[in-house]
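Input: a single structure, listed below in structure tokens.
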Amino acid sequence: MNGGKQSGGVRGWLRGIEVFAGPLPEFVPERAPDDPVRLFLSWLSDAVADGLRDPHAMTLSTVDEVGDPDARVLILKAVDETGWQFAGHAFSPKGNQLAVHPRAALTFYWPEHGRQVRLRGPVTSGSAQDNAEDFLARAASARAEALLGRQSQYLADSAERDHAVEKALALIDKEPSLVDSAWTLYTLAPTVVEFWQAAANRVHTRLRYERTADGWGRFQLWS
């Protein structure tokens, strides 16, 4: 199959995959709360109640030192009036990128509900106490790997990694309150939050919250 036919074949195959096939929730923007946190938690609760897998997973998007975009999937740690929280190692790629450009975007997607939430804004680091509490709340294996401080580095031998993790686990067992000082709890305080509800007829509903000096403004968008 030559390049053109292969490209056309893949394109046709992708277009043939059905989306938004099941019943979708109703979303009436006029009934939405004034605060995007309340609406987000309502949508997240719906996803949990319906048994959607990993409903608190999200894509974190950052830019590196030359402005190239980067993205990865993380787990939401908390959300309140201060913002949406996630955690990571300060010397990881995302940590280094946020140190240079402390702004980011988060994207949540619940395909069974045809719902997406997008937000962006400045990112701040937590206090030493907050960082330590988050680190100690992690599973021992997760703490052990974080203590290695080698995320995203080249790995020549998996046996070397396994040995290093075993040593770190033994250290944690000996010192259960040990904390990696580079572990960071980040908070994204959004300036914009957009809620997107899919429709089978492709006339999707979009509601955008924009932060103002007095709180939040709400605007419906063309789909």
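- Placement of Leu136 and Ile172 within a single hydrophobic cluster is found when ILVMFWY residues are connected by side-chain heavy-atom separations under 4.5 Å, directly or transitively.
- Residues that satisfy the ring-ring contact (aromatic ring centres under 6.0 Å, His included) test with Trp216, not counting sequence neighbours, are absent from this structure.
- Phe195 pairs by the ring-ring contact (aromatic ring centres under 6.0 Å, His included) definition with Trp43, Tyr209, not counting sequence neighbours.
- In this structure, the side chains of Phe108 and Trp84 come closer than 4.5 Å at one or more pairs of heavy atoms.
- Counting only heavy atoms from C-beta outward, the side chains of Leu147 and Trp183 never approach each other to under 4.5 Å.
- Between atom CD of residue Gln85 and atom CG of residue Leu106 there is a gap of 11.5 Å, rounded to the nearest 0.5 Å.
- Grouping the Ile, Leu, Val, Met, Phe, Trp and Tyr side chains by contacts below 4.5 angstrom, directly or via other members, places Ile17 with Val10.
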Review point. Side chain to side chain contact (heavy atoms under 4.5 Å, CB included) between Arg103 and Thr191: does it pass, once the steps are laid out?
Key: CA-CA 11 Å; Arg103 300 186 66 85; Thr191 55; 4.2 Å; yes
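- Remark: Thr82 pairs with Asp80 by the side-chain hydrogen bond (donor to acceptor under 3.5 Å, both in side chains) rule, at least two apart or across chains.
- When side chains are defined from C-beta on, Val192 does not count as touching Pro190, because their heavy atoms never get closer than 4.5 Å.
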Review point. After noting the C-alpha distance and the side-chain angles of Phe86 and Thr184, does the key distance pass the side chain to side chain contact (heavy atoms under 4.5 Å, CB included) rule?
Key: CA-CA 9 Å; Phe86 59 93; Thr184 306; over 6 Å; no
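- Atom CD of residue Glu81 and atom CZ of residue Arg38 lie 13.5 Å apart, to the nearest 0.5 angstrom.
- The heavy-atom pair separating Leu74 from Ala87 by the smallest distance is CD1-O, 4.5 Å.
- Every residue was checked against the side chain to side chain contact (heavy atoms under 4.5 Å, CB included) condition with Asp162, not counting sequence neighbours, and none meets it.
- Legend: salt bridge (charged side-chain N to carboxylate O under 4.0 Å, His left out) pairs involving residues 208-223, not counting sequence neighbours, sorted by first then second residue: Arg208-Glu210.
- Evaluation of the salt bridge (Lys or Arg N to Asp or Glu O under 4.0 Å) rule for Lys77 yields Asp134 as partners, not counting sequence neighbours.
- Phe91 and Phe135 are assigned to two separate hydrophobic clusters, defined by single-linkage of ILVMFWY side chains at heavy-atom distances under 4.5 Å.
- Sorted by first and then second residue, the side-chain hydrogen bond (donor to acceptor under 3.5 Å, both in side chains) pairs involving residues 12-31 (not counting sequence neighbours) are Glu30-Gln220.
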Point to revise | Leu41 vs Val79, side chain to side chain contact (heavy atoms under 4.5 Å, CB included): CA-CA, chis, key distance, verdict | key: CA-CA 8 Å; Leu41 290 176; Val79 57; 3.4 Å; yes
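- Nearest heavy-atom pair across Leu207 and Ala32 is CD2-CB, 3.5 Å.
- Judged as a side-chain hydrogen bond (donor to acceptor under 3.5 Å, both in side chains), and not counting sequence neighbours, the contacts of Asp46 are Arg115.
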Show me the side-chain donor-acceptor pairs of residues 116-132 shorter than 3.5 Å, one per line, residues at least two apart or across chains.
{"unit_1": "Arg118", "atom_1": "NH1", "unit_2": "Glu194", "atom_2": "OE1", "d": "3.1"}
{"unit_1": "Ser127", "atom_1": "OG", "unit_2": "Asp130", "atom_2": "N", "d": "3.1"}
{"unit_1": "Ser127", "atom_1": "OG", "unit_2": "Asp130", "atom_2": "OD2", "d": "3.2"}
{"unit_1": "Gln129", "atom_1": "NE2", "unit_2": "Glu133", "atom_2": "OE2", "d": "3.1"}
{"unit_1": "Asn131", "atom_1": "OD1", "unit_2": "Leu185", "atom_2": "N", "d": "2.8"}
{"unit_1": "Asn131", "atom_1": "ND2", "unit_2": "Gly126", "atom_2": "O", "d": "3.3"}
{"unit_1": "Asn131", "atom_1": "ND2", "unit_2": "Ser127", "atom_2": "O", "d": "3.3"}

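- The CG atom of Leu148 sits 9.5 Å away from atom CD of Gln153, with the distance rounded to the nearest 0.5 Å.
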Side chains of residues 175-182: which donor-acceptor partners sit under 3.5 Å, not counting sequence neighbours?
{"unit_1": "Asp180", "atom_1": "OD1", "unit_2": "Ala182", "atom_2": "N", "d": "2.9"}
{"unit_1": "Asp180", "atom_1": "OD2", "unit_2": "His89", "atom_2": "NE2", "d": "3.0"}

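- Between Thr205 and Pro29, the shortest heavy-atom contact is CG2-CG, 3.4 Å.
- Residues Asp64 and Val100 fail the side-chain proximity criterion, which asks for heavy atoms closer than 4.5 Å.
- Annotation for Leu24: hydrophobic cluster partners, listed by chain and number, are Val19, Phe20, Tyr109, Trp196 (ILVMFWY side-chain heavy atoms under 4.5 Å, direct or chained).
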Please tabulate, one pair per line, all N/O donor-acceptor pairs under 3.5 Å involving side-chain atoms of residues 48-63, not counting sequence neighbours.
{"unit_1": "Asp50", "atom_1": "OD2", "unit_2": "His113", "atom_2": "NE2", "d": "2.7"}
{"unit_1": "Thr62", "atom_1": "OG1", "unit_2": "Arg72", "atom_2": "NH1", "d": "3.0"}
{"unit_1": "Thr62", "atom_1": "OG1", "unit_2": "Gln97", "atom_2": "OE1", "d": "2.4"}

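- To the nearest 0.5 Å, the span separating CG on Leu76 from CG on Leu44 amounts to 7.0 Å.
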